Amino acid sequence: MKFASTRDINRIVTFKEAVFTGLAPDGGLYNPVSTPDLSAFFKSCSRETPFLDITIEMTARLFEEELDREAAERICRRAFTFSPALVDGKNGIRILELFHGPSCAFKDFGASFLASSMEEFLNKDVRHAVILTATSGDTGSAVARAFHGRKNIDVVILYPSGRVSPLQEKQLTTLGGNVSALEVKGNFDDCQRMVKEAFVDPDLRSRLALTSANSINLGRLIPQSFYYVYAYSRLKPSADREPGRFYFCVPSGNFGNLTAGILARTWGLPAEGFIAATNINDVVPEYLSNGKYHPRPSKQTYSNAMDVGDPSNFERIKHIFGNSWEKMTGAVTEEVVTDDETEETIGRMYKEQGMLVDPHTAVGCLAAERFLEKHPSENLTIITLSTAHPGKFLEIVQQATGKKPDLPERLSEVLDLPKESILIENSLEALSEFLLETFA
Ligand SMILES: *Cc1c(COP(=O)(O)O)cnc(C)c1O
């Protein structure tokens, strides 16, 4: 499979090039140029097929021009030491738990595969890369954990001093080894600006192999399609029988997760369609309902990883549907959930089902319920993606349920480790000095 920019279909690159460049030079996003048919493989998966086997098979088939089977297997074995799980909700709603990875959020799947692929590609060429990433909290910890201990790769995380939660800060600053945490005297926008300036700085570019690991990278997007296939395999009543009609409901912010599901469907996954669930940052739902796209500044909500006013993957989704609103709305419907409704849903799910969900998952669960109400007696199954562990959003979950969720040990154990960060000014000079002194 080869990839092309959404803005210039003649700009064709390999997976490896896409992984190391992130964004296309023309500012577009990379999308597959061909549509492989994996439907026979999807059908052959059963409830017993291990998640790891699904990932290896899909990696080997999707990237067969670039990776032999052994390489695909190495990448996946290193990346996926954890698996999704499909659990029962009520009334035809199933929940796909994606928070069993190192940072307890679904971003672990993408970050881990990206890190593992880069390690594979670097091994071949014996090169060294420096991953530079700015974080407002959560993405940084998934990236830091994913890249920690990888050969020939160093990671530099910039975070705004005093503006991330104590747990998030510990997650970023206690790994050591090849992960450096820069505590920037400024806000998240300063961190992002410094990273952007570093990528275009001629001196830095000539002396270091700077690479990004942000969420638009294909190396993070493609592996997110694997768990859609896993969910489908778990719906099957038996190995040779197909499940009934099913939809996926995806709590969305930057819409990478939803894009990955849409890609899996183009490769033959027999999902009826998708529900794009958002909080009040509803530019995409608005587009789906009236065809008008108006990006605007984001508003703060309980489901803060979805507070996005101009989702970067929207361009990708439009491109996949041939820029046709009719085609997109034929496959994707929308639901918008407010903070009050989110809190109410967290409380109700605990009361009725004894289930603790984080606010992002709650947005998805309410959206799925509404969708089912609009389609009564159709005997549908909705798979709602659960994107984070409830323990990561302790205050709101406790407020809504009266119960304090447990923090998984892999998160709580960092609280006792000493913080190691380097405090720097919010300027490109300060960042350059650190990078060149440390890596040049
Ligand atoms: C990033 C994130 C989302 C949104 O995912 P997108 O791919 O950006 O749409 C949802 N929930 C959680 C917990 C996240 O961290």
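Given the structure is predicted, the values throughout are model-derived calculations rather than measurements. Nothing fancy with the numbering, it's 1 onward along the sequence. Order of appearance sets the numbers: ligands from 1, and atoms from 1 within every ligand.
Screening residues 402-418 for side-chain hydrogen bond (donor to acceptor under 3.5 Å, both in side chains) gives no qualifying pairs among residues at least two apart or on separate chains.
In terms of the salt bridge (charged side-chain N to carboxylate O under 4.0 Å, His left out) criterion, Arg47 has no residue partners (sequence neighbours excluded). With sequence neighbours excluded, no residue forms a side chain to side chain donor-acceptor pair (under 3.5 Å) with Arg163.
Aromatic rings of Phe314 and Tyr293 (six-membered ring for Trp) have centroids within the 6.0 Å cut-off, being under it.
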So what's ligand 1 close to, N/O to N/O, under 3.5 Å?
| residue | atom | partner | partner atom | Å |
| --- | --- | --- | --- | --- |
| ligand 1 | 7 (O) | Gly256 | N | 3.1 |
| ligand 1 | 7 (O) | Asn257 | N | 2.9 |
| ligand 1 | 8 (O) | Asn254 | N | 2.8 |
| ligand 1 | 9 (O) | Gly253 | N | 2.8 |
| ligand 1 | 9 (O) | Asn254 | N | 3.3 |
| ligand 1 | 9 (O) | Phe255 | N | 2.8 |
| ligand 1 | 11 (N) | Thr387 | OG1 | 2.8 |
| ligand 1 | 15 (O) | Lys107 | NZ | 2.5 |

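Salt-bridge annotation for Arg370 and Glu341: present, with a side-chain N of the basic residue lying under 4.0 Å from a carboxylate O of the acidic one.
Glu120 pairs in a side chain to side chain donor-acceptor pair (under 3.5 Å) with only one of the listed residues (Lys16, Lys151, Arg74), which is Arg74.
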